[in-house]
Amino acid sequence: MSNTPSLQHFLNTQDWSRQDLDALLGQAAWYKRHKLGEELKGRSIALMFFNPSMRTRTSFEIGAFQLGGHAVVLQPGKDAWPIEFDLGRVMDGEAEEHIAEVARVLGRYVDLIGVRAFPKFVDWSIDREDKVLKSFARYSPVPVINMETITHPCQELAHILALQQHFDTDDLRGRKYVLTWTYHPKALNTAVANSALTIATRMGMDVTLLCPNEEYLLDPRYMDWARQNAAESGGALQVSHDIESAYRGADVVYAKSWGALPYFGDWDAEKAIRDRYKHFMVDEAKMALTNNGVFSHCLPLRRNIKATDAVMDSPQCIAIDEAENRLHVQKAIMARLIRSV
Ligand code: CP
């Protein structure tokens with residue numbers, strides 16, 4: 001994928017061995033206890049934000065600073081030139097420069113590049129190719145980190161670290177894990193759902209994907225990864241459309257809203273369907289069915305739409321711990337990638 005054959009990127013956890021992921025989680029736990037380091041001394045990272053962020057931007061900037069490095073934030077099309085990603089394109093539109101130059105030039109200045117690029121929400125067959133992230137990885141001479149495109153691997157590690165610390169064990173095998181679709185007035189990215197399904201099965205948990213109907217299943221790529229992961233880890237994967245049976249006995253409830261892929265780009269039609277499932281909101285009655293289970297969400301979260309105030313303010317909610325962990329896992333990722341170049 002990269003012009004530099006030996007270069008290691010952090011694009012998806014599925015590309016990394018379980019041993020390497022465990023090492024990142026262990027290092028992140030260490031950073032949680034030891035805030036400062038010199039692993040990025042004299043080094044820098046360019047953070048390319050094609051979409052808004054609160055947690056990702058703050059935690060990467062602060063994380064680089066705490067390890068002695070420096071972060072530069074660029075928003076192409078806002079405070080940096082719009083970028084073209086198609087090869088061979090006659091660039092007579094908005095884009096002022098091509099990724100082939102952008103990534104190579106950045107590589108002369110910085111040691112790492114982070115990329116946030118959400119889908120365009122028009123044609124999933126195009127968005128599922130993750131062109132922006134892959135183009136950075138192809139042309140960059142330095143490691144590239146996925147800061148959320150169609151998956152969110154940094155969030156995956158933050159989530160798993162929060163579960164490990166809540167249950168006071170690195171071994172999450174056999175835990176009953178529910179990834180529940182939840183309501184949101186707009187159709188959202190499937191990235192966090194793809195990621196949750198991928199990492200929960202990778203960790204050997206007994207995973208249920210709870211969603212309104214078959215149209216809300218995730219892309220076959222991620223359903224297949226999850227099945228393969230469950231088979232290899234000794235975990236399990238099932239799909240349910242029944243709220244009560246899915247929540248009953250759960251150790252973990254992870255909520256996310258996403259748009260139904262068969263309606264991708266036809267969001268008015270999708271909304272008419274989605275609006276029938278407002279009752280998927282996570283509330284106390286549903287959480288009472290669990291095995292005193294924990295609740296989490298990647299944030300941002302609309303209260304009393306996706307989850308009630310009572311759930312968010314309950315001791316079972318570990319969403320703030322998970323958000324904090326973004327700082328620690330990203331320091332581990334940056335330190336690990338810097339060591340590899
Ligand atoms: N969870 C997450 O990525 O948050 P931001 O969108 O605020 O970065």
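Heavy-atom basis, side chains included; hydrogens, waters and symmetry copies ignored. Numbering of ligands and ligand atoms starts at 1, following listing order. The residues of the chain are indexed from 1 along the displayed sequence.
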- Note on the structure: the protein heavy atom lying closest to atom 7 (O) of ligand 1 turns out to be Met54 N, 2.7 Å

- Item | Sub-4.0 Å atoms of ligand 1 with respect to non-hydrogen atoms of Cys298 | 1 (N)

- Task: Report the residues that fulfil salt bridge (charged side-chain N to carboxylate O under 4.0 Å, His left out) with Asp206, sequence neighbours left out, ordered by chain and then residue number.
- Result: none

- Message: Testing Leu179, Thr201, Thr180 one by one against Leu209 for a side-chain contact (heavy atoms from CB on, under 4.5 Å), which residue passes?
- Response: Leu179

- What do you reckon, is OH of Tyr109 surrounded by more than 12 foreign heavy atoms closer than 6.0 Å? no

- Item | Verdict with supporting geometry, Phe264 and Trp267, ring-ring contact (aromatic ring centres under 6.0 Å, His included) | CA-CA 7 Å; Phe264 209 88; Trp267 297 117; 5.1 Å; yes

- Quick check: does Pro52 get an N/O under 3.5 Å from an N/O on ligand 1? no

- Message: Looking at ligand 1, is there an atom of it that comes within less than 4.0 Å of some heavy atom belonging to Arg57?
- Response: no

- Given that the side chain starts at C-beta and the backbone is N, CA, C, O, which of these parts of Arg116 lies under 4.0 Å from ligand 1, counting heavy atoms, or is it both or neither? side chain

- Per-atom contacts of ligand 1 with Gln155, taking only distances under 4.0 Å to non-hydrogen atoms: 1 (N), 2 (C), 3 (O)

- Counterpart residues, side chain to side chain donor-acceptor pair (under 3.5 Å), relative to Arg303 (two or more places apart): Asp309, Asp313

- May I ask you to decide if the ring planes of Tyr139 and His98 are parallel, tilted or perpendicular, using 30° and 60° as cut-offs? perpendicular

- Message: Can you name the atoms of ligand 1, numbered from 1 with element, that are less than 4.0 Å from a heavy atom of His152?
- Response: 2 (C), 3 (O)

- Message: Angle between ring planes, Tyr177 versus Tyr254, binned at 30° and 60°: parallel, tilted or perpendicular?
- Response: tilted

- Query: Considering only heavy atoms, does Val192 approach ligand 1 within less than 4.0 Å through its side chain, its backbone, both, or neither?
  - Reply: neither

- Considering only protein heavy atoms, which is closest to atom 4 (O) of ligand 1, and at what distance to one decimal place? Arg55 NE, 2.9 Å

- Task: Could you list which atoms of ligand 1 come closer than 4.0 Å to a heavy atom of Arg326?
- Result: 1 (N), 2 (C), 3 (O)

